[in-house]
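Right, one structure below, let's go through it.
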There are 2 protein chains.
Amino acid sequence: MRSLLLERAAHMLRTRAPVTLRTLVAGTGVSTMAVYTYFGGMDGLWRALRQEGFSRLTAGLAAVGPTADAVRDLAALGAAYLVNAVESPDLYRIMFDAGFDLEDPGAADETLHSLVRTVERATADGRFAAGTDPLELATQSWAIGHGLASLVTSGPLPPAALAHGVPMLTALFTAAGDEPGRCRDSVARGWAGLRTAAP
Amino acid sequence: MRSLLLERAAHMLRTRAPVTLRTLVAGTGVSTMAVYTYFGGMDGLWRALRQEGFSRLTAGLAAVGPTADAVRDLAALGAAYLVNAVESPDLYRIMFDAGFDLEDPGAADETLHSLVRTVERATADGRFAAGTDPLELATQSWAIGHGLASLVTSGPLPPAALAHGVPMLTALFTAAGDEPGRCRDSVARGWAGLRTAAP
DNA sequence: CACTATACATAACAGTGCTATGTATAGTGC
DNA sequence: GCACTATACATAGCACTGTTATGTATAGTG
């Protein structure tokens, strides 16, 4: 029942149907109280959806198999991040919407950690300068990805603006010590995985 | 009356008091209908608040007087942008919250335009490569600013993370053709205006 | 001075999340 | 097998939300 409600909520989110306590349980044959036994209220449902969103994101990032080129992998992670955000924008909005704030700090940690590991690999491979702080560079990559994803899903920028990720990440990685030409090539190859799902 | 309601709503937003139709008019001696005559409903109030937010942001950016160093000014614009977002996070959230989407496209245009003009100035001064697309670089700077502002005001990153703006903008501007050492210096000087208001 | 439009007030309506209270079922100790 | 208890719901109602239908007083206008 719990997962049924979660799936239904996710589906209503995708179809842009308003997700309210009563519209959620309508059709399931179950009453409004079920939401309280399983989630403790609507806030609990949103939290569960948020975790679901991060789980889906983590899975999407994990699908970016590590290759010999760690810089390519970093760009591929960025592309996968954007694809995830654009394909389910409502879920993405919930994930980064304040209001629940500080309820489960570190929900996004796994996302950041996969970036950190890849930066470390790139540094170990000699692509970035020896003194590079992995967390710092990973955070900056994340900020770029989130900035683009947020501006596109919120409306101000058209979906085509996602392409800015290529020069931005290239600039960031080059500044971290990677050789410009090789960096551009790696990022372009990693970015090739970006495909916006046709409606 | 209209501006009284707007100011009151902005104040309630600042003090984190829930802004509802009835709490808004309570104490003003006026009834709920006033909101409908002036704003056409709560959605209209949010739209007005959003415009208020953009006006305040535009004013904040305009206060960054142009100096002889256009790259410094670009960084100063970024810092001013972040200060504005962090000082009134709720207003910032409303500005970039979807839901009203596409109601007034181009509300953020003035924000972007001030960046575009400064990029053009920097290019004319020979700081950026001749072929630099001003809109492109301005958009990328915006994405960095918004990414940091959003992640900080939403919770995942601590306020100290705003400092990432310096290396990120430096990397971006250097990639655009500016000389690394001089760029770092300009950005640092422009960033010096960033002061988080003490609570 | 009649007429009309504006600017509200009053009251009610449907919808929201939530809770208090009931009930049926499943598990558990004896 | 049987009382006992906890779980998993259902039913009904509460306080609150935004919205609207209707009234009314005032200001402007021919």
Side-chain angles (χ1 to χ4, degrees), chain A residues 1-53 90-91 93-104 107 154-155, chain B residues 1-53 90-91 93-104 107 154-155:
Chain A
M1 196 78 252
R2 205 191 111 101
S3 65
L4 190 153
L5 285 176
L6 258 183
E7 281 183 29
R8 183 173 162 82
H11 179 259
M12 292 175 73
L13 225 53
R14 259 175 264 136
T15 57
R16 304 194 105 69
V19 180
T20 78
L21 179 61
R22 286 172 176 80
T23 61
L24 177 64
V25 300
T28 64
V30 89
S31 100
T32 61
M33 278 308 295
V35 175
Y36 283 82
T37 59
Y38 290 125
F39 305 101
M42 284 304 279
D43 275 15
L45 175 73
W46 297 123
R47 262 193 298 274
L49 275 175
R50 191 151 86 128
Q51 188 169 351
E52 165 81 12
D90 305 85
L91 201 54
R93 191 177 320 151
I94 290 174
M95 288 162 64
F96 290 99
D97 205 10
F100 321 84
D101 35 15
L102 308 179
E103 304 251 10
D104 44 0
S154 297
Chain B
M1 196 77 253
R2 203 191 112 103
S3 65
L4 190 153
L5 286 175
L6 259 183
E7 280 182 31
R8 183 172 162 82
H11 179 259
M12 293 175 73
L13 225 53
R14 259 176 262 135
T15 58
R16 302 193 106 69
V19 180
T20 77
L21 179 60
R22 285 171 177 81
T23 60
L24 176 65
V25 299
T28 64
V30 89
S31 100
T32 61
M33 279 307 296
V35 175
Y36 284 83
T37 60
Y38 290 125
F39 305 101
M42 285 304 279
D43 275 16
L45 174 73
W46 297 123
R47 261 194 299 274
L49 274 175
R50 191 151 87 130
Q51 188 169 352
E52 165 81 12
D90 305 85
L91 201 55
R93 190 178 319 150
I94 290 173
M95 288 162 63
F96 290 100
D97 204 10
F100 320 84
D101 35 15
L102 308 179
E103 305 252 9
D104 44 359
S154 297

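All values below come from the heavy atoms of this structure, side chains included, with hydrogens, waters and symmetry mates left out. Fair warning: this is a prediction, and the values are worked out from it, not measured in the lab. Quick note on labels: first sequence line is chain A, next is B, and so on, each numbered from 1.
No contact: G44(A) has no heavy atom under 4.0 Å from any strand. At the heavy-atom level, S31(B) lies under 4.0 Å from base atoms of the strands shown. V30(B) comes within 4.0 angstrom of the backbone, heavy atoms only, and of no base.
A distance of 10.0 Å separates OG in S3(A) from CD in E52(A), rounded to the nearest 0.5 Å. A distance of 9.0 Å separates CZ of R2(B) from CG of L45(B), quoted to the nearest 0.5 Å. Here the straight-line distance linking atom CG of L13(A) with atom CZ of R8(A) works out to 12.5 Å at 0.5 Å rounding.
Closest non-hydrogen pair, M95(B) versus R50(B), comes out as O-NH1, 3.1 Å.
In this structure, the CE atom of M1(A) is 18 Å from the P atom of dT25(C), given to the nearest Å. Straight-line distance from the CH2 atom of W46(A) to the P atom of dC18(C): 11 Å, rounded to whole Å. Straight-line distance from the CG atom of L4(B) to the P atom of dA7(C): 16 Å, rounded to whole Å.
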### Query
For DNA chain D, what string of dots and brackets results from 5' to 3' when Watson-Crick and G-U pairs need both distances under 3.5 Å, crossing pairs get [ ], and pairs with another strand get |?
||||||||||||||||||||||||||||||
Distances under 3.5 Å only, N/O to N/O: pair up the protein atoms with those of nucleotides 19-23 of chain D.
| from | atom 1 | to | atom 2 | distance (Å) |
| --- | --- | --- | --- | --- |
| dT19(D) | OP2 | Y36(B) | OH | 2.8 |
| dT19(D) | OP2 | M42(B) | N | 2.9 |
| dT19(D) | O5' | Y36(B) | OH | 2.9 |

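Side chain of T23(A) to main chain of P18(A): a donor-acceptor pair is present (N/O by atom type, distance under 3.5 Å, no hydrogens or angles).
V19(B) places none of its side-chain heavy atoms less than 4.5 Å from the side chain of L49(B). The side-chain heavy atoms of Q51(B) and R47(B), taken from C-beta on, include no pair separated by under 4.5 Å.
With sequence neighbours left out, the side-chain contact (heavy atoms from CB on, under 4.5 Å) criterion links L21(B) to T32(B), V35(B), Y36(B), M42(B).
The phosphate of dA7(C) (OP1 or OP2) has no side-chain N or O of T37(B) nearer than 4.0 angstrom.
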